[in-house]
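Below is one structure, written out as structure tokens; the observations come after it.
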Amino acid sequence: MKTRITTALIALAAAGAVQAQDNVLHVYNWSDYIAEDTLQKFTDATGIEVTYDVYDSNEVLEAKMLAGNSGYDVVVPTSDFLQRQIAAGVYMPLDKSKLPNLANMDPALMAGAAAYDPGNEHAVIYMWGTTGIGYNTKAVAERLGEDYTVDSWALVFDPDTVSKLADCGVSMLDAPTEMIPAAMNYLGLDPNSTNKADLEAGAALIEKVRPYIRYFHSSQYISDLANGDTCVAVGWSGDVFQAQARADEAENGVEIAYVIPKEGALQWFDMLAIPADAPHPDLAHKFINFIMDPQITADITNYVWYANANAASMPLVDPEITSDPGIFPTEAAKANLWASVPYDARTDRLVTRLWTRVKTGQ
Ligand code: N2P
């Protein structure tokens, strides 16, 4: 999937393509991950035009980064992917003298991100969240009974349970490094294990429920949940809340909830970083600094329902969001969250192979 939003068109027409091109920042970010007015506000504040492309998979971003010459100035890898891409020399160190808004960031969360990028030398937290389950409360209650409490990965990993939901539509993320560990965790295994037998057991569990899964996709589920076209999605926190908000706005009777299952869930950080071969590193720093403006980050969180790591923005974030345990987990829930570690090349190949088998049955 690829969409392109550009604020550059008018300027290009007015100033002539060559001249304007020098002042165009190229951003590559996750889909459904920015406020409607963020880019325009950046252009208004700085005169810098933005070309904005989106993806919904770390693997897609990684392939582009490793190939080089992507033309992008700012990209947003998830922390574990960031770590091994840094090791591959993909990102330039940040010039922190150009990022005065770093002072707004939450030191504890930045320390968490430093586990992947010592000293936070290469990246700044954009948003963070969890990988849990979004579901249509009525459709699930109709099939599993009013008394069924949705609080466990059993909803999607227990064949008896998920088979009863197949008719209303169950989806999973097309994200092998998140789905296989979630299945391993449900089996009582360490989600970060790189033991071949553990990874195979996780994949085998997903293969077992595969007949009841309508699709594996990492962005389609937002509108499908919102419209009632599917009823359960393993998905990312903010995306599920966006589905909920869309259903509320449409007043279509669909009620969506998000749960961090009691067995635990992955907590991740998505990181703003500058490719080593970025054509416009100076503009990239300006953009990253702009994003760390408390109002700008608060606007994004208020629009995409993802937690941010900008302490100064918190008073500007809608209290409905800061008080939601699905977005800002309680201390008790935090104890059950795990952070992922990057796979070595061998494990990565195994996981890719297992995932192909999960999706295609081969
Ligand atoms: C936004 C998805 C971002 C979360 N649609 C993935 N790390």
Side-chain angles (χ1 to χ4, degrees), residues 1-4 27-34 52-65 75-82 85 126-136 153 155-157 162 169-183 185 191 202-203 206-207 209-210 212-227 229-246 256 258-261 265-271 303-307 326-327 340 342-343 348 351-352 354-360:
M1 62 169 294
K2 193 167 194 193
T3 56
R4 177 166 280 217
V27 176
Y28 194 37
N29 193 4
W30 294 85
S31 49
D32 301 293
Y33 217 28
I34 196 161
Y52 189 79
D53 294 335
V54 299
Y55 54 89
D56 66 0
S57 149
N58 270 307
E59 288 78 7
V60 168
L61 170 63
E62 182 160 276
K64 281 206 167 64
M65 290 299 105
V75 298
V76 193
T78 304
S79 38
D80 47 335
F81 284 79
L82 170 85
Q85 288 161 16
Y126 178 63
M127 297 281 143
W128 63 271
T130 52
T131 303
I133 304 175
Y135 63 102
N136 179 317
W153 284 107
L155 193 76
V156 293
F157 290 141
V162 68
V170 179
S171 71
M172 287 185 175
L173 292 168
D174 188 5
T177 65
E178 302 191 32
M179 290 306 311
I180 294 175
N185 175 65
I206 304 176
E207 276 180 79
V209 296
R210 172 75 182 91
Y212 314 116
I213 305 304
R214 192 170 292 172
Y215 61 75
F216 294 86
H217 196 281
S218 301
S219 51
Q220 175 68 32
Y221 66 96
I222 303 180
S223 51
D224 282 349
L225 278 180
N227 298 335
D229 291 335
T230 56
C231 63
V232 173
V234 176
W236 293 309
S237 43
D239 287 8
V240 173
F241 285 96
Q242 287 179 53
Q244 182 186 69
R246 285 190 207 176
I256 303 297
Y258 177 75
V259 66
I260 298 175
L266 170 69
Q267 178 188 12
W268 42 260
F269 298 106
D270 285 337
M271 309 296 301
Y303 191 76
V304 301
W305 303 78
Y306 278 100
I327 304 172
S340 56
Y343 290 149
D348 197 47
V351 166
T352 304
L354 290 172
W355 195 242
T356 303
R357 198 165 77 197
V358 165
K359 287 200 298 179
T360 66

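The aromatic rings of Trp153 and Phe157 lie parallel to each other, with less than 30° between the two planes, well short of the 60° mark.
Here the shortest heavy-atom pairing between Pro77 and Tyr55 reads N-OH, 4.1 Å. When all heavy atoms of Val234 and Met179 are compared, the closest pair comes out as CG1-SD, 3.5 Å. Nearest heavy-atom pair across Leu354 and Ala203 is CB-CB, 3.9 Å. The two residues Leu225 and Thr230 make their nearest non-hydrogen contact at N-OG1, 3.5 Å. Ala243 approaches Ala226 most closely through the heavy-atom pair O-CB, 3.4 Å. Counting all heavy atoms, side chain and backbone alike, Ser219 lies closest to Asp56 at OG-OD2, 2.7 Å.
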Next item on the list: Test Ile327 against Ser237 for side-chain contact (heavy atoms from CB on, under 4.5 Å), laying out the working first.
Entry: CA-CA 6 Å; Ile327 304 172; Ser237 43; 5.6 Å; no

Next item on the list: Could you give me the CA-CA distance, side-chain angles and deciding distance for Val76 and Met127, then say whether side-chain contact (heavy atoms from CB on, under 4.5 Å) is met?
Entry: CA-CA 10 Å; Val76 193; Met127 297 281 143; over 6 Å; no

Margin query: Would Phe81 and Met271 count as a side-chain contact (heavy atoms from CB on, under 4.5 Å) here? Give the steps.
Written below: CA-CA 10 Å; Phe81 284 79; Met271 309 296 301; over 6 Å; no

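Side-chain polar atoms of Tyr33 and Asp239 form no donor-acceptor pair below 3.5 angstrom.
Applying the side-chain hydrogen bond (donor to acceptor under 3.5 Å, both in side chains) test to Asp348 and every residue at least two apart in sequence or in another chain returns Arg84. Scanning for side-chain contact (heavy atoms from CB on, under 4.5 Å) contacts around Glu207 gives Arg357, Val358, with sequence neighbours left out. Under the side-chain contact (heavy atoms from CB on, under 4.5 Å) criterion, Ser223 pairs with Gln220, Asn227, Arg246, sequence neighbours left out. Under the salt bridge (charged side-chain N to carboxylate O under 4.0 Å, His left out) criterion, Asp224 pairs with no residue, sequence neighbours left out. In this structure Arg210 satisfies the salt bridge (charged side-chain N to carboxylate O under 4.0 Å, His left out) test with no other residue, sequence neighbours excluded.
Within the 4.5 Å cutoff, the side chain of Phe241 has no heavy atoms near those of the Tyr306 side chain. Contact of the Thr177 side chain with the Trp355 side chain is not registered, since no non-hydrogen atoms from C-beta on lie closer than 4.5 Å. Side-chain contact between Met172 and Val209 is present, with at least one heavy-atom pair separated by less than 4.5 Å. Tyr221 has its side chain within reach of Val240: a pair of non-hydrogen atoms, C-beta onward, lies under 4.5 Å apart.
Atom-to-atom distance recorded for Ile256:CD1 and Cys231:SG is 9.0 Å, nearest 0.5 angstrom.
Of the possible polar contacts, one joining the Asn58 side chain to the Thr78 backbone as a donor-acceptor pair under 3.5 Å is found. Formation of a donor-acceptor pair under 3.5 Å by the Gln242 side chain with backbone atoms of Asp32 is found in this model.
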Under 3.5 Å, which donor-acceptor pairs link side chains of residues 128-136 to any protein atom two or more places apart or in another chain?
from   : atom 1 : to     : atom 2 : distance (Å)
Trp128 : NE1    : Asn308 : O      : 3.1
Thr130 : OG1    : Tyr258 : OH     : 2.6
Thr131 : OG1    : Glu178 : OE1    : 2.7
Thr131 : OG1    : Trp236 : NE1    : 3.3
Thr131 : OG1    : Trp268 : NE1    : 3.1
Asn136 : OD1    : Lys138 : N      : 3.2
Asn136 : OD1    : Ala139 : N      : 3.0

